[in-house]
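I have placed the structure first, in the form of structure tokens, so that the comments after it can refer back to it.
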Amino acid sequence: MGKCGDAISLTLNGTKYAIPKDTEPNVIDGGLKVTETQEYGDGTADSYMSRVIGKITGLKIKVPASLEDAWANACSTPDIPIILECVSRTYELTGSVIGGEVEISSTKNLTNEFEVHCTDGAGIRKS
């Protein structure tokens, strides 16, 4: 994967949130992957493949008071449109915010790290 520059914003269900400068999201393409091997005493092994869900991890956003309701709605609604915008690349997916109780800092209005997972089987689209 080439360099795509700093993350700029994350749009969840139509609402755009700023991403702090030090945030480094990780995009994990889904699809069929070798997820396990069974080793044998003679030095050979069998590979086992599984379908892996596409996801973006390491996300943080700023949630100002005016967007608190939209954030709560995005965290509790499955299958929403999600767009991660970086300087020279955009990632789009239909998915869900994953992270259980995502905390928001009382001084900076920043979330702790969370991730989004693809839920429609189409994977992460890059442009």
Side chain T11, main chain G14, donor-acceptor under 3.5 Å | no
Report the residue from T111, T77, L12 that forms a side-chain contact (heavy atoms from CB on, under 4.5 Å) with V97.
-> L12
Validation row: N73, C75 side chains within 4.5 angstrom (heavy atoms) = no
Measure the shortest side-chain to side-chain distance between P64 and K62 over non-hydrogen atoms and say whether it is less than 4.5 angstrom.
-> yes
Got a sec: does the CD1 of I8 have more than 12 other heavy atoms crowding it under 6.0 Å?
-> yes
With distance as the sole test, does Y17 use its side chain to make a donor-acceptor pair with the main-chain N or O of W71 at under 3.5 Å?
-> yes
Is the number of heavy atoms from other residues, nucleotides or ligands under 6.0 Å of D69 CG greater than 12?
-> no
Kindly say whether Y40 contributes a backbone atom to a donor-acceptor pair with the side chain of T44 at under 3.5 angstrom?
-> no
At what distance, to the nearest 0.5 angstrom, does CD1 of I98 lie from CG of L59?
-> 11.5 Å
Determine whether more than 12 heavy atoms belonging to other residues, nucleotides or ligands lie under 6.0 Å from atom CD of Q38.
-> yes
Under 3.5 Å: donor-acceptor pair, side chain of R125, backbone of G123 | yes
Roughly how far apart are L84 CG and R89 CZ, rounded to 0.5 Å?
-> 11.0 Å
Side chain to side chain donor-acceptor pair (under 3.5 Å) between T90 and E85, intermediate numbers included | CA-CA 5 Å; T90 299; E85 182 185 359; 5.6 Å; no
Distance col, row T37:OG1 vs D46:CG, nearest 0.5 angstrom, shows 9.0 Å
So do T15 and L67 actually touch side chain to side chain, heavy atoms under 4.5 Å?
-> yes
Flag if over 12 foreign heavy atoms under 6.0 Å of NZ, K16 = no
Rounded to the nearest 0.5 Å, the CG atom of L10 sits from the NZ atom of K60 at a distance of 14.0 Å
Exam field: side chain N112 to backbone E103, donor-acceptor pair closer than 3.5 Å | yes
Interatomic distance, CD1@I80 vs OG@S96, rounded to 0.5 Å, equals 7.0 Å
How about V63 and E68: do any of their side-chain heavy atoms sit closer than 4.5 Å?
-> yes
Would you please say whether a donor-acceptor pair under 3.5 Å links the side chains of T94 and D79?
-> no
